[in-house]
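Excluded from the calculations below are hydrogen atoms, water molecules and symmetry mates; all remaining heavy atoms, backbone and side chain alike, are included. Naming: A, B, ... by sequence-line order, numbering from 1 per chain. Here the structure is a predicted model, which means the values were calculated and not measured.
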Amino acid sequence: MPSSLPPILDLAHAEFISGAVSINAASCRPGGFPALARGLGCRVAEDCNSVNVIFGVKAAADVLDGVRRSGALSVVFSEPSTHRTLQLKGEDALVLRLEPGDADRVARYRDAFVAVLAPYGHTEEMVRALLACPADDLVMVRFTPTSAFSQTPGPHAGEPLAGAR
Amino acid sequence: MVRLESIRDCLEGVVPGNIATCAPDGTPNVAYLSQVQFVDSEHVALSYQFFNTTRRNILASPYARVSVIDPHTAAHYRLSLQYLRTEDSGPLFETMKVRLAGIASHTGMSGVFRLLGSDIYRVLDIERVPGETVVLPPAHRNRLSSLRACSEMLCGAADLEGLLSRLLAGLARHFDIEHAMVLMLDEGGGHLYTVASRGYPSSGVGSEIALGDGIIGVAARERTPIRIGHFAAEYSYGRAIRSGLEQSGVSGIETEIPLPGLPASCSQLAVPIMACHTLVGMLYVESAQELRFGYDDEDALVALAGQLGAGLRVLQHTHEGGEDVAEPQPSPPPARGRAVTVRHYAENDSVFLDGDYLIKGVAGSIFLALVRDYVDKGQTDFSNRELRLDPRIRLPEISDNLEARLILLARRLVERAAPVQIEKTGRGRFRLRVQRPLSLVQA
């Protein structure tokens, strides 16, 4: 359900979470058991209101199931070089098909992540394997961030972003 | 089910892990993990550093999901965990604290990360996440066959000195470990002294480290192996030794022997040498390469240290089974030249040769007794047995470490190129080779 409130994210946030950052998402399964999966790319709507995170259907089956049941999703984005980390939470998440251009976005994300991790000794082969997924196995989860927190390690970890509600 | 011990390489923290938890209202949370520590085949420990959403959630509902990734193959696993308890002292906590310090300095996070506790979780399930993996070439070494070969070398040792040199040679030959040292626990129990080393410009034999100082001292105090893959400044032994000696109150006399060590040490593994629940000493290995030692190396060296501990104990007591009969030795050539001043300080049994520090403590009092008997009676041949019974040396009754002290003393004399040397003449027997007259001075 689209929010009528102004977006939490600004363009700088949107650029950050769409870049070569590590993406991990959690949902909640019945009984309060958490589900966890790795994201394969992210696209932010032009108005910054909604965020689309791409997953592999098989690898993220539990997270997708949790999303379908509750709509609640948390996604954490972290930049390996700076440890700058941002967590977004939403309550209206939907599992959707990819839109045109999204599969290319996944490929570009993979290339960018390989380049970012190379200085840390991670081989291209390893990073590509980690983020590999057949195009017909990709799926997208769209949600409206209703809260956002900085999780960069340090004294300010866990503080809401300015403008977060 | 995938077994935890078969995915231990994923727990080295090379690729940061993640933890997912749920709040009581069903809001999920995901956070990065600094450490997932293997405890045993059914338990892991996670570092508790901040009171945050993860902590709140776990205290409300004990279930968590953790993802870990093999840094070489990209194999991806998810662990379903149940929180059991938090430890804020003891071997596991100390191990994780040292490792966290290494991770923190490696990631530029020194001063940010502080371990509040080790959270122990039961592993309910391990799931292999579908995906591609990289096929690796076969491992360069099989740790079990390395352990066997090294163990067989230790079995061939006839005395303590042989045991130590076989150990260091075996580590190099069978484990490619070129930088290693063995430290023995002092009889008083407060510190460790280096008795053998390999791969350093100076041997450091005789150097000391206090229990609780640096990675070696902490591992010794907690009786637990500690392995880190990144240099941790706060656990650097170079710094630790100075503070340890300052505390021990060695006043006004320069008796510090620098501990050996790699200037750019990245990977370190300190393993207690135990014999029947008693700490005997420490085995320490290191490398300039990051993440050089894995869980398998730790397992192998713990096993080897067990054998070493038993060997040290057995060989220390070989005198009870008798010693070689003194064979007639040709008379040593008379000492010639200028007399060497042997100065002894009773306060800590330190000995100086012509003003240069040689040794202190029990080894110092052994040397004093030998020199006194040489000066007073011209005695040059000695047996371990008579030293053991010598009231001047004041050896503790159990685990006297006499042989280790003699090795230490003999090596220091060689290193100082002293005009007095100790030469083995048989099992439990040795001879003093004196090249210059000795003048004993009590300070």
Check: When only pairs under 4.5 Å are counted, which of B/T73, B/I19, B/N57, B/T21 shares the most heavy-atom pairs with chain A?
Finding: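 Of the candidates given, the most pairs with chain A belong to B/T21.
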
Note to self: Counting heavy-atom pairs under 4.5 Å with chain A, which one of B/G131, B/A75, B/P71 comes out on top?
What the structure shows: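 The answer is B/P71.
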
Where does [X] contact chain A at under 4.5 Å (heavy atoms): side chain, backbone, both or neither?
| X | result |
| --- | --- |
| B/T53 | side chain |
| B/V66 | backbone |
| B/S67 | both |
| B/A60 | neither |
| B/D70 | backbone |

Heavy-atom side-chain proximity of [X] to [Y] below 4.5 angstrom:
| X | Y | answer |
| --- | --- | --- |
| A/E91 | B/T27 | no |
| A/S74 | B/P28 | yes |
| B/I69 | A/R38 | yes |
| B/N18 | A/V76 | yes |

Atom [atom1] of [X] with >12 non-hydrogen neighbours under 6.0 angstrom:
| X | atom1 | answer |
| --- | --- | --- |
| A/L11 | CG | no |
| A/E99 | CD | yes |
| B/R128 | CZ | yes |

Check: Could you give the distance from CG (A/L36) to CG (B/L79), rounded to the nearest 0.5 Å?
Finding: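 Between atom CG of A/L36 and atom CG of B/L79 there are 10.5 Å.
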
Item checked: Reported NE2-to-NE2 distance for the pair A/H122 and B/H72, which is rounded to 0.5 angstrom ->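 Output value for this atom pair is 10.0 Å.
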
Answer with side chain, backbone, both or neither: which region of [X] has an atom nearer than 4.5 Å to a non-hydrogen atom of chain B?
| X | value |
| --- | --- |
| A/A61 | neither |
| A/L73 | backbone |
| A/S70 | neither |
| A/S22 | both |
| A/K89 | side chain |

Check: So which of A/P34, A/A60, A/P134 has the biggest tally of heavy-atom pairs under 4.5 Å with chain B?
Finding: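 Top option by heavy-atom pairs under 4.5 Å: A/P34.
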
Note to self: Looking at chain B, which one of A/T123, A/D137, A/L130 has the largest number of heavy-atom pairs inside 4.5 Å, strictly under?
What the structure shows: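 When all of A/T123, A/D137, A/L130 are compared, A/L130 has the most.
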
How close do [X] and [Y] get, counting heavy atoms only, and between which atoms?
| X | Y | value |
| --- | --- | --- |
| B/P130 | A/A59 | O-CB, 3.8 Å |
| B/N29 | A/A26 | O-CB, 3.9 Å |
| A/N24 | B/Y32 | ND2-OH, 3.3 Å |
| A/A35 | B/A20 | O-CB, 3.9 Å |

Item checked: Side-chain ion pair, A/D62 and B/R65, N-O less than 4.0 Å ->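 Yes.
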
